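A short write-up of the structure that comes next.
Bear in mind the structure is a predicted one, so any value in this text is a computation, not a measurement. Every heavy atom of this structure was used, including side-chain atoms; hydrogens, water molecules and symmetry mates were not.
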Amino acid sequence: MATTEPLAQGTGPDVEDLTEDVTEDLAGIAADQAAGTVPPYRGRPERHPRQRPVPLVLDPDAVELRAPVFGAADVSPLDADLTLGHRGEPLGERITVGGRVLDGRGRPVRGQLVELWQANAAGRYVHRMDRHAAPLDANFTGAGRCLTDDDGRYRFTTIRPGAYPDVTRHNAWRPSHLHFSLFGTAFTQRLVTQMYFPGDPLLPYDSIWTSVRDTTARRRLVAAYAPGLNEPGLSLGYRWDIVLDGPAATWAEEGR
């Protein structure tokens with residue numbers, strides 16, 4: 001009969017040491033937030049433009065005279081279901097994400113193009129630059145779009161994304177999140193932001209979420225579980241409203 005021998009002293013991690021490390025990490029993040037030394041998130045440097053902006057010498061305001069125009073002929077209702085368009089079913093937990101797009105006065109913004117992109121259930125993007133050692137899903141590409149209705153409502157069906165390593169920091173992981181893009185009424189008003197999930201233990205360690213210095217603004221980036229958005233027997237529902245401007249505006253990535 002096989003016997004199990006106790007581990008020799010010093011062969012495994014000390015729980016007290018691990019707890020101290022975690023406590024120190026959280027304390028350091030809190031101190032940085034209090035001191036205002038957490039830099040705003042601007043994305044990875046390799047994604048930044050490599051050329052200088054082209055000045056509009058003739059008419060600097062000309063760019064505001066044209067806005068993106070999208071209609072029912074351009075955006076299909078099927079574009080909002082990221083689980084469709086493949087030969088089989090994607091892997092992972094199916095979710096429904098919905099909410100309203102509002103202006104600074106709480107009024108609905110109708111006809112707004114809302115784009116969503118994300119990692120798959122294993123935490124990997126369909127992108128040639130993603131080197132995460134996680135499998136791709138042949139039945140999931142992770143991108144969708146929709147137009148808000150007359151009440152400013154949007155709705156997506158997708159898969160809950162997995163966490164993945166934060167390559168900019170040692171031993172850090174990005175929490176599950178969805179990327180959103182909204183165009184506003186002109187190209188220069190594009191808003192790019194991220195939505196997080198409630199109860200995610202990785203949030204306090206995330207360099208992007210913690211870079212949002214205002215506590216209330218950080219909380220607004222976390223969706224709420226919404227039973228009314230559940231698809232019985234199919235998906236869990238989450239509600240997340242997006243405010244384009246004003247004091248309650250949704251945080252947006254700097255320079256996007």
Side-chain angles (χ1 to χ4, degrees), residues 41 75 77-85 89-103 106 108-110 112-126 137 139-164 173-182 191-206 208-212 214-244 248-253:
Y41 175 69
V75 181
L78 298 180
D79 292 345
D81 191 338
L82 283 67
T83 66
L84 300 178
E89 294 288 329
L91 299 174
E93 176 189 341
R94 193 179 298 253
I95 61 174
T96 300
V97 177
R100 302 180 72 197
V101 178
L102 308 169
D103 66 15
V109 180
R110 59 181 60 85
Q112 175 71 208
L113 177 70
V114 182
E115 296 177 305
L116 179 152
W117 67 97
Q118 63 171 98
N120 65 16
R124 186 169 178 182
Y125 293 91
V126 181
D137 186 345
N139 296 312
F140 189 76
T141 51
R145 60 182 184 171
C146 71
L147 293 172
T148 56
D149 64 16
D150 288 343
D151 293 322
R153 299 186 185 279
Y154 73 90
R155 184 184 179 105
F156 289 100
T157 299
T158 185
I159 297 297
R160 177 162 177 159
Y164 58 83
W173 288 71
R174 295 240 45 226
S176 299
H177 61 278
L178 303 176
H179 297 269
F180 280 80
S181 166
L182 297 94
L191 179 151
V192 178
T193 187
Q194 300 182 18
M195 186 208 90
Y196 299 90
F197 292 86
D200 193 323
L202 294 177
L203 279 176
Y205 302 95
D206 184 54
I208 297 177
W209 191 73
T210 56
S211 71
V212 182
D214 184 82
T215 303
T216 303
R218 280 202 306 273
R219 290 173 180 169
R220 285 198 293 263
L221 295 177
V222 181
Y225 171 60
L229 291 175
N230 288 355
E231 292 289 344
L234 184 64
S235 68
L236 292 177
Y238 293 91
R239 178 184 176 89
W240 192 57
D241 293 338
I242 303 171
V243 181
L244 297 180
T250 302
W251 169 86
E253 297 181 12

| field | Intermediate values then yes/no, side-chain contact (heavy atoms from CB on, under 4.5 Å), Leu102 and Ile242 | value | CA-CA 6 Å; Leu102 308 169; Ile242 303 171; over 6 Å; no
| task | Report the C-alpha separation of Tyr238 and Arg160 in whole Å, then their side-chain angles, then the decisive distance to 0.1 Å, and conclude whether the side-chain contact (heavy atoms from CB on, under 4.5 Å) test is met. | result | CA-CA 11 Å; Tyr238 293 91; Arg160 177 162 177 159; 3.4 Å; yes
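Counting only distance, with no hydrogens or angles, the side chain of Trp240 and the backbone of Gly98 share no donor-acceptor pair below 3.5 Å. No donor-acceptor pair under 3.5 Å is formed between the side chain of Ser181 and the backbone N or O of Val192.
The ring of Phe180 has its center closer than 6.0 angstrom to the ring center of Tyr154.
In this structure, the separation between SG on Cys146 and CG on Leu116 is 8.5 Å, given to the nearest 0.5 Å. For the atom pair Leu191 CG and Trp251 CH2, the distance stands at 9.5 Å (nearest 0.5 Å). In this structure, OH on Tyr164 lies 5.0 Å from CZ on Arg174, to the nearest 0.5 angstrom. Considering OG1 of Thr250 and CD of Gln194, their distance stands at 12.5 Å, rounded to 0.5 Å. Separation of atoms CG (Leu82) and OG1 (Thr157) is listed at 8.5 Å; rounding is to 0.5 Å. The OG1 atom of Thr148 sits 10.0 Å away from the CZ atom of Arg100 when rounded to the nearest 0.5 Å.
A side-chain contact (heavy atoms from CB on, under 4.5 Å) with Ile159 holds for exactly one of Asn120, Asp137, Thr83; it is Thr83.
The salt bridge (Lys or Arg N to Asp or Glu O under 4.0 Å) contacts involving residues 232-242 comprise Arg239-Asp241, where partners must be two or more places apart or lie in separate chains.
A salt bridge does not link Asp151 with Arg110: none of the charged nitrogens is closer than 4.0 Å to a carboxylate oxygen.
Taking the six-membered ring where the residue is Trp, His177 and Tyr196 present tilted rings, their angle falling between 30° and 60°.
When all heavy atoms are compared, the tightest approach of Gly162 to Ser176 is C-OG, 4.0 Å. Of all heavy-atom pairs spanning Asp214 and Ala217, the tightest one is OD2-N, 2.8 Å.
Between Glu89 and Phe140, the closest side-chain pair of non-hydrogen atoms is not below 4.5 Å. Looking only at side-chain heavy atoms (C-beta outward), Leu113 and Leu147 come within less than 4.5 Å of each other. Contact of the Phe197 side chain with the Leu203 side chain is not registered, since no non-hydrogen atoms from C-beta on lie closer than 4.5 Å.
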May I have the list of side-chain donor-acceptor pairs in residues 219-236 shorter than 3.5 Å, sequence neighbours left out?
from	atom 1	to	atom 2	distance (Å)
Tyr225	OH	Asn230	ND2	2.9
Asn230	OD1	Gly237	N	2.6
Glu231	OE2	Arg155	NH2	2.8
Ser235	OG	Thr96	OG1	2.8

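By the side chain to side chain donor-acceptor pair (under 3.5 Å) test, Asn139 pairs with no residue at all, sequence neighbours left out.
Judged by distance alone, the side chains of Gln118 and Thr158 do bring a donor and an acceptor atom under 3.5 Å apart.
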